[in-house]
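Data block below; observations after.
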Amino acid sequence: MKIATFNANSLRSRLPVILPWLDAHRPDVLCVQETKVQDHEFPLDAIAQTGYTSVFCGEKKYNGVAVLSRHALADVEFGLDDEPNDPARLVCARMGRVWIVNTYIPQGRDRDSDMFAYKIRWFDRLKAFLDRRFTPADPILWMGDFNVARDQRDVYDPKGLWGHVCYCQEVQDALQGVLDWGFVDLFRQFCREPGHYTFWDYRMPYALQRNLGWRLDYIMATQVLAKKATTCHIDIQARAGEKPSDHTFLVAEFDF
DNA sequence: ATGGTCGGCAACCGA
C-alpha cells in the first residue's frame, strides 16, 4: 500500500501537478488540503479519468479537504463532532480495514489572536473525535497539513522562528497530546536528520534553493500500521525556477 | 529588515 498527502493551495490550479503525479506513482490514497473549491465545482471527472474516486468538502476561497483513492471509500465523515465542526478541515474515511483521517489544521494567524486559541483547542477536539470512534489499536493514518513544526530539526532557523504560531511550545504540546494518544511520526521513524522540509514560504526568494523550509505536513500512523511501514519520504516536484511549496508530496509505503 | 507572493476572484484576505 502506498499513501500520500499534498497541500494544494487550490486543487484546480494544481491539477497539472497532481494528475501526472498520480499517473506516475499510483498511490492507493492521496489526501489533499486547501482545495479551495466548492463541492459543485470539484474536478471530479478529471480525477476520475486517472482512475481515482474522490470524497471532498470545500469552501469558496478557503480550506477544503479531499481524499482521492483507487479503492472504494466507506464510512465517510466530514468535520469534528462538536461546533464549529469545520467540515472543510477534516475528512475521515475507511479504505478496507485502514482508516484515513485527513486534516487541515488551522494555521493560527498570530499568537494573541482568537485563531491561535482556536488552533490549540483543535488538537484536543480531534483527540476527543478519535476517542469516540477508535482505540489506538485500530489501523489509523492521520495525515495532512498540521501547521506545526515538531522540533528544531523541522525549521530552517530554530532560534529566529521560535514563537511563530507554527513553531512554539503551545502548538508542539498540543500536537504531542494527540500523538500520545497512539501515533508514530512516520517520516521521523525513517529519518532522524534535520533539514527535511515539506513547506517553503513562496514569499521568500529562492527559499527552496536555500532550503529555508518547514516540516508542517505529516503522516502519523498507529503502531499496528507503523510496524508495517517500509518508507516515508518527501517528494519535491518543483523544477528549477518553480515555486516548490505547492508541489511537495509526502509519501509512505507499507508492506501489505 | 517583520518584508515577500500566490490564489481566489473582484477588494482584500489567508497563508
Side-chain angles (χ1 to χ4, degrees), chain A residues 5-19 21 31-44 46-47 56-66 79 84-91 102-123 143-150 154-168 170-172 174-175 197-218 234 236-250:
Chain A
T5 182
F6 181 77
N7 181 301
N9 186 20
S10 171
L11 175 63
R12 284 175 294 179
S13 63
R14 226 56 69 197
L15 282 177
V17 175
I18 291 174
L19 296 179
W21 193 87
C31 291
V32 185
Q33 307 84 35
E34 284 200 89
T35 57
K36 293 188 177 181
V37 60
Q38 295 173 99
D39 294 349
H40 69 274
E41 295 182 305
F42 191 91
L44 197 56
I47 292 167
F56 44 85
C57 181
E59 294 173 9
K60 191 169 193 160
K61 299 166 73 168
Y62 312 120
N63 307 330
V65 286
N85 69 333
D86 278 345
R89 289 188 180 273
L90 184 152
V91 52
N102 175 23
T103 56
Y104 172 49
I105 291 173
Q107 191 262 2
R109 215 168 294 176
D110 301 300
R111 289 278 291 285
D112 53 4
S113 72
D114 292 344
M115 283 303 289
F116 183 71
Y118 186 71
K119 176 183 190 174
I120 297 299
R121 281 203 310 275
W122 217 92
F123 289 94
M143 52 207 289
D145 177 354
F146 291 15
N147 275 313
V148 178
R150 289 194 62 207
D154 299 323
V155 290
Y156 66 91
D157 178 9
K159 285 179 183 157
L161 294 171
W162 184 246
H164 187 280
V165 290
C166 296
Y167 183 61
C168 59
E170 297 99 305
V171 290
Q172 290 177 347
L175 170 56
Y197 306 128
T198 63
F199 170 80
W200 297 262
D201 194 328
Y202 35 64
R203 294 171 293 192
M204 300 189 72
Y206 303 102
L208 178 66
Q209 289 87 336
R210 299 154 72 198
N211 203 27
L212 303 180
W214 304 62
R215 192 169 75 101
L216 302 178
D217 302 87
Y218 296 87
I234 298 159
I236 303 165
Q237 286 295 299
R239 291 174 285 275
E242 280 188 340
K243 302 293 183 180
S245 287
D246 306 325
H247 307 257
T248 303
F249 296 81
L250 177 64

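This is a predicted model, so every value here is computed, not measured. Within every chain, numbering begins at 1; the chains are lettered A, B, ... in the order of the sequence lines, protein sequences first and strands thereafter.
The salt bridge (Lys or Arg N to Asp or Glu O under 4.0 Å) test applied to A:D154 returns A:R188, A:R215, not counting sequence neighbours. Scored by the side chain to side chain contact (heavy atoms under 4.5 Å, CB included) test, A:Y62 finds A:E59 as partners (sequence neighbours excluded). Checked against salt bridge (Lys or Arg N to Asp or Glu O under 4.0 Å), A:R210 has no partners two or more places apart in sequence or in another chain. By the salt bridge (Lys or Arg N to Asp or Glu O under 4.0 Å) test, A:R121 pairs with no residue at all, sequence neighbours left out. Take A:P84 and apply the side chain to side chain contact (heavy atoms under 4.5 Å, CB included) test, not counting sequence neighbours, and it matches A:Y118, A:R125.
B:dG14 and B:dG4 have their C1' atoms separated by 15 Å, with the value rounded to a whole Å. Nucleotides B:dG3 and B:dC13 place their P atoms 15 Å apart, quoted to the nearest Å. Nucleotides B:dA11 and B:dA1, compared at atom P, are 38 Å apart to the nearest Å. One P atom belongs to B:dC9, the other to B:dA15, and the distance between them is 16 Å to the nearest Å.
We find that NE2 of A:H247 is positioned 11 Å from C1' of B:dC6, with the value rounded to whole Å. Atom CD1 of A:I18 and atom P of B:dG7 are 13 Å apart (whole Å).
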Polar atoms only, N or O, under 3.5 Å: list the protein pairs with nucleotides 12-15 of chain B and their distances.
residue: B:dA15; atom: N6; partner: A:R203; partner atom: NH1; Å: 3.2

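At a threshold of 4.0 Å, the pair A:R12-A:E41 counts as salt-bridged, since one of the basic side-chain nitrogens sits closer than that to a carboxylate oxygen.
OP1 or OP2 of B:dG7 lies within a sub-4.0 Å distance of a side-chain N or O belonging to A:R14. Close to B:dG8, at under 4.0 Å from its OP1 or OP2, lies a side-chain N or O of A:S13.
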